[in-house]
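Following: one structure in structure tokens, then a few remarks.
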Amino acid sequence: MITDQLGEMVAAALHKVAAAGLLPADNVPRPFFERPRNRDHGDWATNVALVASKGVGKPRDLAQAIADALEASDLIASVEVAGPGFLNFRLSPSWLHDVVRRAASRTDFGTSDTGNGVRVNVEFVSANPTGPVNVVSGRHAAVGDTIAALLEATGHEVTREYYFNDAGRQMLLFGASVAARYLQHFGIEAEVPENGYKGEDVRVLAQELAEEIGEALVDVDPAERDRRMLELAWPPVLERVQRSLERFGTTFDVWFRESTLHERGEVTGAIETLREKGLIEERDGALWFLSSRFGDDKDRVVIRSNGEPTYIAADLGYLVDKFSRGFDRLIYLWGADHHGTVPRLMAAVEALGFDTPAVEIPLVQIVSLVRGGEQVKASKRHGVSVPLDELVDDVGVDAARYTFLTRSIDAPLEFDIDLVKEQAPENPVYYVQYAHARICSILRKAAEEGYEPEVEVARLERLEHPSEDELMRKLASYEEAVPEAARLRAPQRITRYVEELASTFSGFYRDCKVVSEDRELSQARLVLCLATRSVLAGGLGLLGVGAPDRM
RNA sequence: GCCCCCGUAGCUCAGGGGAUAGAGCACUCGCCUCCGGAGCGAGGUGCGCAGGUUCGAAUCCUGCCGGGGGCACCA
């Protein structure tokens, strides 16, 4: 990448300056480059002189010394000291031509190997199979999937994982709810438990199961019936979850059942490990994990007095399991409503002897749906919840995914269904897709007129119009946008980027006729189109949004 | 009470130490003999408040105000 080259050159100059005694040798910062907002400030700028001169001398003088110490290069057209002490670099056009050729000819433009093959487990959605996937899970699916894609694009080896409970107390409650509806189906009096699942989908499910197994479970002992009902009930629900997510364009490498942790003894093993470290205590008949020693506000029960493990117990086993599978880094994408449990998981990481920075828990804020100007709050656990399938029926997969990815995960997302659907032509997702389709159309037309873009031989120096220059620069910035988005786990940066690129392309399209009598110029512009199409498709690909050839 | 997130344009939100703070929507006014008008151009008000750190703060720190969420032997 260009910033690496510039960085090396400036670093060399810095060391020369330090050797000359103008800068303490033990205080040579690493140069960092950014693209100035204002084009008068060159192509790239660094504040390294401002940083290095802290308490040492005048920044502008140091900047000038660095500029003087720079080795001559074909890459750099000019360097100037500006403002309080910035170094502004103007590059020769060839770097942009190189960018365009690479973007036009390679599908991996924008990707890098900075991840060094680090193995990352990204766990997201992870909703229990008690009902249809809702829109909140939809946001998680889109975000988690894109974070995973960004990590892959930056050279990480990624596993997408979905964790769910298939036993345990909460699920038993689900089994009991289905069982109650099942009995009701046969006209037997029964009531769904107080905190149970009272939704219509549970009734339908119970009915389906009743038709399948008949009255086989009617005369069974109630506790046994609930248990066996659960075993029958969750697999079809999970299948529906899988279908919904697949339709939404999100696939997982691993579907992890909590019960496997108990079967393999990983839960008891983890508790044993903690006990050996003196971090487990028995109180009131329950086993407590002394998590408060690791920053949690209080200790946590891992085994209840009735012998049942708590959720955190499973978390302990799951941590051990994930690390034993060889992951270097674990990302848990959780809903913001789980933030209270973050300290206890991090306590577990530390207590079990794992590397704390290797575990990361980004929190995704809530989704509120607006329909007909009315706000419907969708919470994973309480209140109304709109099925993801319904939303997708309404607005389509591309618009739904794209909209989920326009916001920072820290911001609550207001999803206005009417806006995303009814104003489709003005929706940014279509704007971006339209730009892609339009390029395809131009390339088709060019082919009809006998033009075949030749990336290697095209005379890109013919691209002199300001709009062409803008477009090339925007393409170049994709190489920073992807690593930044990956580093910050910030999908919305890619959404923003593709919108800006589409808009910049529109400017080029307006000002520059691509297919003209001037064959040489046409060739160059076609290569620019190819490059733009490739980057648009690549960016949309990271988002899991389609890049259609026609609309 | 304690913890987390947020407060930027009329609305929904980007930007999260750098030079003149942006986008979409909404509103107004212009543009279609021209490769796709699902488009393009023009028009404008804004970083909640008060301190602090810094050469430089929308950005970092502290306090306050406002909004949302969380504080179980639930998940």
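As the structure is a prediction and not an experimental result, all values here were calculated from the model.
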Subject >> Pairwise 5' ranking along RNA chain B for T341(A) and F508(A), keeping only the more 5' one >> reply: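 Checking each residue's closest nucleotide, the 5'-ward one belongs to F508(A).
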
Just to be sure I understand the rule, does [X] reach a base, reach only the sugar-phosphate, or reach nothing, if contact means heavy atoms closer than 4.0 Å?
X	answer
D549(A)	base
S506(A)	sugar-phosphate
C529(A)	nothing
K513(A)	base
N128(A)	sugar-phosphate
M551(A)	base

Could you tell me whether [X] and [Y] have a side-chain N and a carboxylate O separated by less than 4.0 Å?
X	Y	answer
D43(A)	R473(A)	yes
E123(A)	K322(A)	yes
K445(A)	E448(A)	no
R344(A)	D315(A)	no
E231(A)	R227(A)	yes

Original post:
Does R510(A) make a side-chain N or O approach to OP1 or OP2 of C34(B) shorter than 4.0 Å?
Top reply: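 For R510(A), the contact criterion (side-chain N or O under 4.0 Å from OP1 or OP2 of C34(B)) is not met.
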
Original post:
Within the structure, does a side-chain N or O atom of Y431(A) lie under 4.0 Å from either OP1 or OP2 of C40(B)?
Top reply: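 It does, given that an N or O in the side chain of Y431(A) lies less than 4.0 Å from OP1 or OP2 of C40(B).
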
Subject >> Exercise: identify the closest heavy-atom pair between P129(A) and F174(A) >> reply: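 Distance-wise, the nearest heavy atoms are O-CE2, 3.7 Å.
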
Original post:
Is the cationic atom of R300(A) (NZ for Lys, CZ for Arg) positioned less than 6.0 Å from the six-membered ring centroid of W288(A) and within 45 degrees of its normal?
Top reply: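 Output no; distance or angle outside limits.
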
Between [X] ([atom1]) and [N] ([atom2]), how many Å, whole number?
X	N	atom1	atom2	value
Y434(A)	G24(B)	OH	C1'	18 Å
R438(A)	A38(B)	CZ	P	9 Å
H338(A)	C5(B)	NE2	C1'	16 Å
Y430(A)	A23(B)	OH	P	23 Å
K298(A)	G1(B)	NZ	P	18 Å
D297(A)	G70(B)	CG	P	16 Å
Q433(A)	G36(B)	CD	C1'	15 Å
I361(A)	G70(B)	CD1	C1'	14 Å

Using the [atom1] atom as the point on both nucleotides, what is the distance between [M] and [N], in whole Å?
N	M	atom1	answer
A14(B)	G24(B)	P	16 Å
C40(B)	C55(B)	P	44 Å
G18(B)	U54(B)	C1'	12 Å
C29(B)	U12(B)	C1'	25 Å
C60(B)	A23(B)	P	23 Å
A21(B)	U59(B)	C1'	11 Å
C4(B)	U53(B)	C1'	25 Å
C64(B)	G56(B)	C1'	26 Å

Original post:
Among R525(A), R462(A), K513(A), whose side chain to side chain donor-acceptor pair (under 3.5 Å) with D518(A) holds?
Top reply: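 Per the side chain to side chain donor-acceptor pair (under 3.5 Å) rule, the option paired with D518(A) is R462(A), out of R525(A), R462(A), K513(A).
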
If you check the [X] side chain, which of [options] turns out closest?
X	options	value
N165(A)	G68(B), A75(B), C71(B)	A75(B)
L363(A)	G70(B), C4(B), G24(B)	C4(B)
Y509(A)	C5(B), A75(B), G37(B)	G37(B)

**OP:** Kindly indicate whether the side chain of S305(A) and the base of C73(B) share any N or O donor-acceptor pair separated by less than 3.5 Å?
**Re:**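 It does, because a donor-acceptor pair links the side chain of S305(A) to the base of C73(B) below 3.5 Å.
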
**OP:** State whether the distance check finds a donor on one side and an acceptor on the other, under 3.5 Å, for side chain H339(A) versus base G69(B).
**Re:**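 Yes, the side chain and the base share a sub-3.5 Å donor-acceptor pair.
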
Subject >> C25(B): syn or anti, per glycosidic angle within 90° of 0 >> reply: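 That one's anti.
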
Subject >> Exceeds 12 heavy-atom contacts within 6.0 angstrom, atom CZ of R550(A) >> reply: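 Atom CZ in R550(A) is not packed in, count stays at 12 or less.
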
**OP:** Inspect the surroundings of CD in E520(A) and state if more than 12 heavy atoms from other residues, nucleotides or ligands are less than 6.0 Å away.
**Re:**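 Yes, CD of E520(A) has more than 12 neighbouring heavy atoms, counting only those of other groups under 6.0 Å.
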
Subject >> Stems where RNA chain B pairs, listed by first number, each of three or more Watson-Crick or G-U pairs under 3.5 Å >> reply: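 When the pairs of RNA chain B are grouped into runs of at least three, the stems are B:1-7 with B:65-71, B:10-13 with B:22-25, B:27-31 with B:39-43, B:48-52 with B:60-64.
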
Original post:
What is the per-nucleotide protein-contact pattern of nucleotides 9-22 of chain B, from the 5' end, where B denotes a base atom under 4.0 Å from a protein heavy atom, S denotes such proximity for sugar-phosphate atoms only, and - denotes neither?
Top reply: ---BBSSS-BBB-B

Original post:
Hey, mind stepping through N88(A) and E80(A) against side chain to side chain donor-acceptor pair (under 3.5 Å) and telling me if it holds?
Top reply: CA-CA 5 Å; N88(A) 292 342; E80(A) 66 185 40; 4.8 Å; no

Original post:
Checking R139(A) side chain against Q365(A) main chain: does a donor-acceptor pair fall under 3.5 Å?
Top reply: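 Yes; judged by distance alone, with no hydrogens or angles, the pair exists.
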
